[in-house]
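Scope of the values below: all heavy atoms of this structure, side chains included, with no hydrogens, waters or symmetry mates.
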Number of protein chains: 2
Amino acid sequence: MNAPRRPGDATRAAIIDAALRAFGERGYDGASTRAIAADADTNVASISYHFGGKDGLRTACARHVSDRIAEVTGASAPPPTDPDAARAALAATLRDLCLFVLLRPQAGLIAAFVMREMARPSPALDLIYEGAFEGIHRRLCALWAAATGLDGESEGVRLAVFSLLGQTLYFHLAGPVVRRRMEWTAVTPPEAEAIAATIDRNLQARLDADAEPVA
Amino acid sequence: MNAPRRPGDATRAAIIDAALRAFGERGYDGASTRAIAADADTNVASISYHFGGKDGLRTACARHVSDRIAEVTGASAPPPTDPDAARAALAATLRDLCLFVLLRPQAGLIAAFVMREMARPSPALDLIYEGAFEGIHRRLCALWAAATGLDGESEGVRLAVFSLLGQTLYFHLAGPVVRRRMEWTAVTPPEAEAIAATIDRNLQARLDADAEPVA
DNA sequence: GTCTATAAACAGATAGAC
DNA sequence: GTCTATCTGTTTATAGAC
């Protein structure tokens, strides 16, 4: 699928993969280019050659993250107008995102990288925001509007969507604490399903509350 | 209130304050003891003198964080048994925590520090978990049980409490992205109230759903 | 307790061989 | 494109003056 077309592309990909892990785990400042190069089975100089330096590598990581996110949550069909269909689409999107973040190792790296960027914003965050995050949020807001009849760009709906998206990311970030309290040794499909079920229950309850004002 | 009793205590406190900021912003690996010392208006050597080194400083920060969290969400009255009172106590605790984290600058530093520790667990995280986090979570679970009639130590309730706690922390962590999408220039009391209101609405809706199975 | 000076290891960037 | 060697600055830790 993504076979390297030109020599050097494989090295680029390996460096980005290693950098994503390093930046996510240790933060940008704490990650060393030497360790990244070693993890990618290459030398330090190749980072400067391929990306112009450490900062260029961060930008390349952001671009990669943006592409991957857009790919997973890619704009599929136009948002349904039927409330029940919109609610189902909302639940499915959130569930997919949750399972993806919790179970795919590469998704974990991406989530950690994004968290780090949020905690200490750099121009790379703008790239991710504009390239992927804003689009997803807007689409979920539109679904929320279709499901409840509320204005999708109202403050309340935008915040509600954030609160649901946030739960997904939180369960990944707080993994160590959650696992300890839940007495889980790891998050495997059964545990991820339990988390997805909790988030879905929160979603359904909130949608019921938002759609209720018929009374 | 916390007047330094012995000389050196003021320096210790200043170093911990600066370290909390540095570790939270740049991560443990990325923070330099020199920058911390400069921020605390002292010299590098005093960190080794007072804390035995960089790692001892992290432990001291964790202890400080643990104490502060326990102080704010300190065990007050015994949990009420009346469902409505329990629900009110739950809502009040969550609201206080949310406003505290979003508005108090020092709370922001603590939240960032904890997030970093979660993303890359160290023995310092155990200290925070055992010293503060577990107690708060257990207490909220007990309140949830009293409010809904469910078993407070069931998997569902424990995860539900995590999902609500997570929203509070998420809105702090994801501040830059949230502010951009909400077109907020900063999170001041009005914005924090809007966030607290969203979380409260999620809580009430979920409690309604959990308490419903009377049908 | 506080500080300066210094040691030893490490960082990122780059020149140049191949 | 890939790599080694090296330059320059910074890191943590520590020895010792005051």
Legend entry - Length of the line joining A/I15:CD1 and D/dG1:P, which is rounded to integer Å: 12 Å

Legend entry - Pi-cation contact, B/Y28 with B/K54 (under 6.0 Å, within 45°): yes

Inset, instruction - Keeping the roles fixed (side chain from A/S66, backbone from A/R63), state whether a donor-acceptor pair exists under 3.5 Å. - result: no

Legend entry - Given C/dT2, C/dT14, D/dT2, the nucleotide with the shortest approach to the side chain of A/H50: D/dT2

Inset, instruction - Answer yes if the side chains of A/H137 and B/R181 hold a donor-acceptor pair under 3.5 Å, and no otherwise. - result: yes

Legend entry - Closest to the B/N43 side chain, choosing from D/dG1, D/dT4, C/dC3: C/dC3

Legend entry - Whole-Å distance separating the CG atom of B/D9 from the P atom of C/dG1: 8 Å

Inset, instruction - Return the residues of residues 25-33 of chain B meeting this criterion: a heavy atom under 4.0 Å from some atom of DNA chain D. Order them by number, or give none. - result: B/A31, B/S32, B/T33

Legend entry - N/O (side chain, B/T11) to phosphate O (OP1/OP2, C/dT2) under 4.0 Å: yes

Inset, instruction - Step by step, work out the salt bridge (charged side-chain N to carboxylate O under 4.0 Å, His left out) result for B/E134 and B/R139. - result: CA-CA 9 Å; B/E134 187 176 13; B/R139 197 152 50 82; over 6 Å; no

Inset, instruction - Give a yes or no on whether a salt bridge exists between A/D39 and A/R21, defined as a side-chain N under 4.0 angstrom from a carboxylate O. - result: yes

Inset, instruction - Could you tell me whether the phosphate oxygens of C/dG12, OP1 or OP2, come under 4.0 Å of any side-chain nitrogen or oxygen in A/S48? - result: no

Legend entry - Neighbours of DNA chain C within residues 54-65 of chain B, by heavy-atom distance under 4.0 Å: none

Legend entry - Side chain of A/R34 (C-beta onward), nearest among D/dT14, D/dT4, C/dA11: C/dA11

Legend entry - Reported CG-to-CZ distance for the pair B/D126 and B/F133, which is rounded to 0.5 angstrom: 13.5 Å

Inset, instruction - Find the distance B/D41:CG to C/dC3:C1' and express it as a whole number of Å. - result: 14 Å

Inset, instruction - Whole angstrom is fine here: how far is it from CD1 in B/I47 over to C1' in C/dC3? - result: 13 Å

Inset, instruction - Report the nucleotide, chosen from D/dC3, D/dG1, C/dC3, that has the shortest atom-to-atom distance to any side-chain atom of A/A45. - result: D/dC3

Legend entry - Nucleotide C/dA13, atom P - distance to CZ of A/F51 in whole Å: 13 Å

Inset, instruction - May I ask you to check whether over 12 heavy atoms, not counting those of B/R120, lie within 6.0 Å of atom CZ? - result: yes

Legend entry - Salt-bridge contact A/R58-A/E117 (side-chain N to carboxylate O under 4.0 Å): yes

Inset, instruction - For the pair B/E71 and B/R68, find out whether any cationic side-chain nitrogen is under 4.0 Å from an anionic carboxylate oxygen. - result: yes

Inset, instruction - Please state how far atom CD1 in A/I36 lies from atom C1' in C/dA11, giving the value in whole angstrom units. - result: 12 Å

